[in-house]
Number of protein chains: 2
Amino acid sequence: MHGTNMKRKKTKLDIFNDAAVSGVVFKNRSLKKLIVSQINHLGNCTITDLSKDLGASVPKTTSLINELIQDGLIRDEGKLDSTGGRRASMFGLVPDACHFLGVDVKKFHINFGLMDFTKKMTYQKEKVPFRLENTPESLELLIRLIKSFLGEGPCKNAQIIGLGINLTGRINHKTGHSFSFFHFKEEPLAEIIHKEIGIPTFLENDSRAMAYGEFQLNEHGKENNILFINMDYGTGIGILLDGKVYYGKSGFSGEFGHIPIFENEIICHCGKKGCLETEASGHALVRKFKTQIKKGYTSTALKKNMPVDDITMNDIINAALNEDQLSIELISEIGENLGKGLAVLVNIFNPEILVLGGALSETGDYIRLPARSALNKLSLSLVNNDTKLKISQLGEKAGVIGACLTARDTIIL
Amino acid sequence: MHGTNMKRKKTKLDIFNDAAVSGVVFKNRSLKKLIVSQINHLGNCTITDLSKDLGASVPKTTSLINELIQDGLIRDEGKLDSTGGRRASMFGLVPDACHFLGVDVKKFHINFGLMDFTKKMTYQKEKVPFRLENTPESLELLIRLIKSFLGEGPCKNAQIIGLGINLTGRINHKTGHSFSFFHFKEEPLAEIIHKEIGIPTFLENDSRAMAYGEFQLNEHGKENNILFINMDYGTGIGILLDGKVYYGKSGFSGEFGHIPIFENEIICHCGKKGCLETEASGHALVRKFKTQIKKGYTSTALKKNMPVDDITMNDIINAALNEDQLSIELISEIGENLGKGLAVLVNIFNPEILVLGGALSETGDYIRLPARSALNKLSLSLVNNDTKLKISQLGEKAGVIGACLTARDTIIL
DNA sequence: CCTACTTTGTTAAATTTTTTATTATCTATA
DNA sequence: TATAGATAATAAAAAATTTAACAAAGTAGG
């Protein structure tokens, strides 16, 4: 075989290619993609439904469906109940058609996950120890850990066609650049990792990925304008408008933690004063906790002989869940401060729903109720009556799921 | 003629109907709409361009173009310069194909305008005296004034197929409801006016309409993520994302004036404290002016023997433009406070451009520079470096233009 | 359980659209 | 100012899609 003139192997996944084709070939590919997309959004579909959605005739739709079945991308899922006449066949995605890998990089660990074509997580590995630092060594370790996960369990045999990675900080999803971490070369980090691992790679900001994960697999209903608040040590938001992730000009949207709405003298790690994060974040919680302990307050969060400076956000969260008074009070204070920030968002966005996610959201109503109350006090009632405030349903899993979906939907939609 | 079975008169504007058709008729109509839309966005187009954009063959595109010429919607605009071969014909919209009426309702006057199919304003009437009050009489007068404008000049003979109306306050563009003004019945205000005037009517919030007007006719470039700040007595924003107006769940987006970011004891007319509007708006400017005068400061804005309580925002703006020291200082203060609000927006949206519009923006750099400086101080530099801050190019005209475009684009796009 | 009425899916004719070949314009260069 | 190379538009041939008629599969009611 002479390498020079070798054509790319034709696979069943050809419809997801961007290769330049035109005319009827192009139209058919577009329609097939649209069918996959419709089934993805609506669940199993009938030929009649699809024919309407595509604006194509029933015979045409039938032949496209048959091709997609040949390709192994969709399959017959049996008959629908009668609506007064002959029962219609339903068609759904084939789970094993392809897979996607999600990598959620946190400050002190990584979560891995494998997702199939139908958005089901088929294999997961959580809390793999890792320390996120802005060094080449940290990046090398990350790549090694990904490779190692790829050799495990069902990953070995799955056809993985996309890799999604969540990172904190400024991420440009479109170009694949990460500016806050691993920005050692001009070449996009996504491209560097693609070359190392051999799978097309997509970067996303952690809050945006979590927002997307939460939204796609939610039971919230059919909301399309969603703000996801990621409450970790820092506070970021993921913005979904019209069901799509909003990036901003360079992918820097959602720096909610650094909006200047408090009048204090606390210097945020971004270098400014008065940031929301100085009063409503995991960092703020830890700082307030230390101050109170030094003032003489007591807390069960502080284990015997433990120096107060070793306390972590998670210690306080767990203490609160175990009814520790001080922790609950401080979290409530954080919630109230957060509510002021939420009031800003609600007035500007008039969203359908605000979802509290990230580590701090695990405290449930301890943080939600004070936030809701402050939100009501500080925003226009006509507008805030319109908005639900809920706790994330996916919790920490939102990250991996979002990472998988980022890769998946960038490729197939 | 028996009225019972009479079909709607078929006109050249049939492609803008929503009437249910299917199959090839539907496809052709969609494609024709798409052609109009492409020419609308890109300016005059050639058959080859359109054929690519539509995903249709050249002969097909040619036949659609010919039909549109028959319909009187587009016309041959001559030949393009050669790109190395035979010169291509360009096609553009026919200006007189149809017209749209825009009504910009301000607090103390109304601006009217007539726009043709090519987005040109063909007739305008500004500052028609009117007092916006939430009474049936005020609404009646508004309707009378619209009818009267329709009898004037070129309006008499133009085929007007849409009417756009701007109002302040909470507007739901989709349902046609206005909640802050003229909400006397359950029936949408847009529908009531449609019945009165006989032209399909579309309501829009003033800031959003101005944003849309500024964006569509701008020379700003090809930006798609734009925030338009409407600085009048109140302060609202119009949000354009991906080139489209963002409404929020119920159309209440953009209540920028009421985000709680100041710690003061001034009660906003919305009933809350600390709203941006209490420190950065026309109202705030007037209040600050009165306070300073009562403290003994002097200003040329205050004409001989004029009681200070009669001062208006426009007096102060004009004085500033005539180098009045106090007015300039106060406007600069307003600008600085505004900058704090802009910092919030920039951190959240990472927009391509912020446009300052509305009455206060006429003070140009007097308000822009302090705002820019505060913005830089208070938002992440990586993000704010990304954002331009400009003064509106259309000024007060943005309103009527936006109203016309709201009607126009709701119908034809 | 037969008949009338629905809805789904298939087939074949009719129509539409794309392809391919050809002609028409235009530039650049010898 | 001819001629080769390039792009645009049209015409005829080929292919694809829709339409419309019909068969299949179901419900509901006497």
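Values below: every heavy atom of this structure, side chains too, minus hydrogens, waters and symmetry copies. Each chain gets a letter, A, B and so on, in the order the sequences are listed, and its residues count up from 1.
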Note to self: Of the options D/dA9, D/dT19, C/dT10, whose atoms approach the side-chain atoms of B/Ala88 most closely?
What the structure shows: D/dA9

Next item on the list: Give the rounded distance in Å between these two atoms: CZ of B/Arg29 and C1' of D/dT18.
Entry: 18 Å

Next item on the list: Would you mind reading off the distance between A/Arg87 atom CZ and D/dA25 atom P, rounded to a whole angstrom?
Entry: 12 Å

Checklist line | Atom pair distance, as rounded to whole Å: CZ in B/Phe26 and P in C/dT15 | finding: 23 Å

Notebook entry, point to check: Which pair of heavy atoms, one from A/Lys174 and one from A/Tyr247, lies closest together, and at what distance?
Noted result: NZ-CD1, 3.7 Å

Notebook entry, point to check: Once you round it to whole Å, what is the distance between P of D/dT27 and CG of A/Leu80?
Noted result: 12 Å

Note to self: Just to be sure I understand the rule, does A/Ser89 reach a base, reach only the sugar-phosphate, or reach nothing, if contact means heavy atoms closer than 4.0 Å?
What the structure shows: sugar-phosphate

Next item on the list: Could you pull out the closest heavy-atom pair between A/Ala403 and A/Ala209, with the gap in Å?
Entry: N-CB, 4.3 Å

Notebook entry, point to check: For the pair made of CG in B/Asp49 and P in D/dA8, what is the distance, rounded to whole Å?
Noted result: 8 Å

Note to self: Between B/Val24 and A/Val24, which residue's closest nucleotide on DNA chain D lies nearer the 5′ terminus?
What the structure shows: A/Val24

Next item on the list: Output yes when at least one side-chain N/O atom of B/Thr83 is less than 4.0 Å from OP1 or OP2 of C/dT27, else no.
Entry: no

Note to self: Of the options C/dT17, C/dT27, D/dT18, whose atoms approach the side-chain atoms of B/Ser82 most closely?
What the structure shows: C/dT27

Check: Between C/dG9 atom C1' and A/Leu64 atom CG, what is the distance in whole Å?
Finding: 15 Å

Notebook entry, point to check: Is any side-chain nitrogen or oxygen of B/Lys27 closer than 4.0 Å to OP1 or OP2 of D/dT18?
Noted result: yes

Next item on the list: Quick one: label B/Ser63 by what it contacts on the DNA or RNA (base, sugar-phosphate, nothing), any heavy atom closer than 4.0 Å.
Entry: nothing

Next item on the list: Using a 4.0 Å heavy-atom cut-off across all strands, classify A/Lys79 as base, sugar-phosphate, or nothing.
Entry: nothing

Check: With a 4.0 Å cut-off on heavy atoms, is B/Asn28 in touch with a base, just the backbone sugar-phosphate, or nothing at all?
Finding: sugar-phosphate

Check: For B/Thr46, which contact category applies under a 4.0 Å heavy-atom criterion: base, sugar-phosphate, or nothing?
Finding: nothing

Check: Roughly, in whole Å, what's the span from CZ in B/Arg86 to P in D/dT7?
Finding: 14 Å

Checklist line | A/Thr46 and A/Asp49 side chains, donor-acceptor separation under 3.5 Å | finding: yes

Notebook entry, point to check: Relative to the ring of B/His173, is the ring of B/Phe202 parallel (under 30°), tilted (30 to 60°) or perpendicular (over 60°)?
Noted result: tilted

Next item on the list: Take A/Val25 and A/Thr48, find for each the nucleotide of DNA chain C with the closest heavy atom, and name the residue whose nucleotide sits nearer the 5' end.
Entry: A/Thr48

Check: Between A/Asn28 and A/Lys60, do the side chains contain an N or O donor and an N or O acceptor separated by less than 3.5 Å?
Finding: yes

Margin query: From the set C/dT18, D/dG26, D/dT18, return the single nucleotide nearest to any side-chain atom of B/Ser57.
Written below: C/dT18

Next item on the list: Describe the nucleic acid contact of B/Gly23 in one word from base, sugar-phosphate, nothing, applying a heavy-atom distance below 4.0 Å.
Entry: sugar-phosphate

Checklist line | Enclosure of B/Lys397 NZ (heavy-atom neighbours >12, cutoff 6.0 Å) | finding: no

Note to self: Using whole Å, what does the distance between atom P of nucleotide C/dT17 and atom CG of B/Leu54 come to?
What the structure shows: 12 Å

Next item on the list: Using the closest heavy atom to pick a nucleotide of DNA chain D for each, name whichever of A/Gly84 or A/Lys60 lands nearer the 5' end.
Entry: A/Lys60

Note to self: Once you apply a heavy-atom cut-off of 4.0 Å, does A/Val58 come out as touching a base, just sugar-phosphate, or nothing?
What the structure shows: base

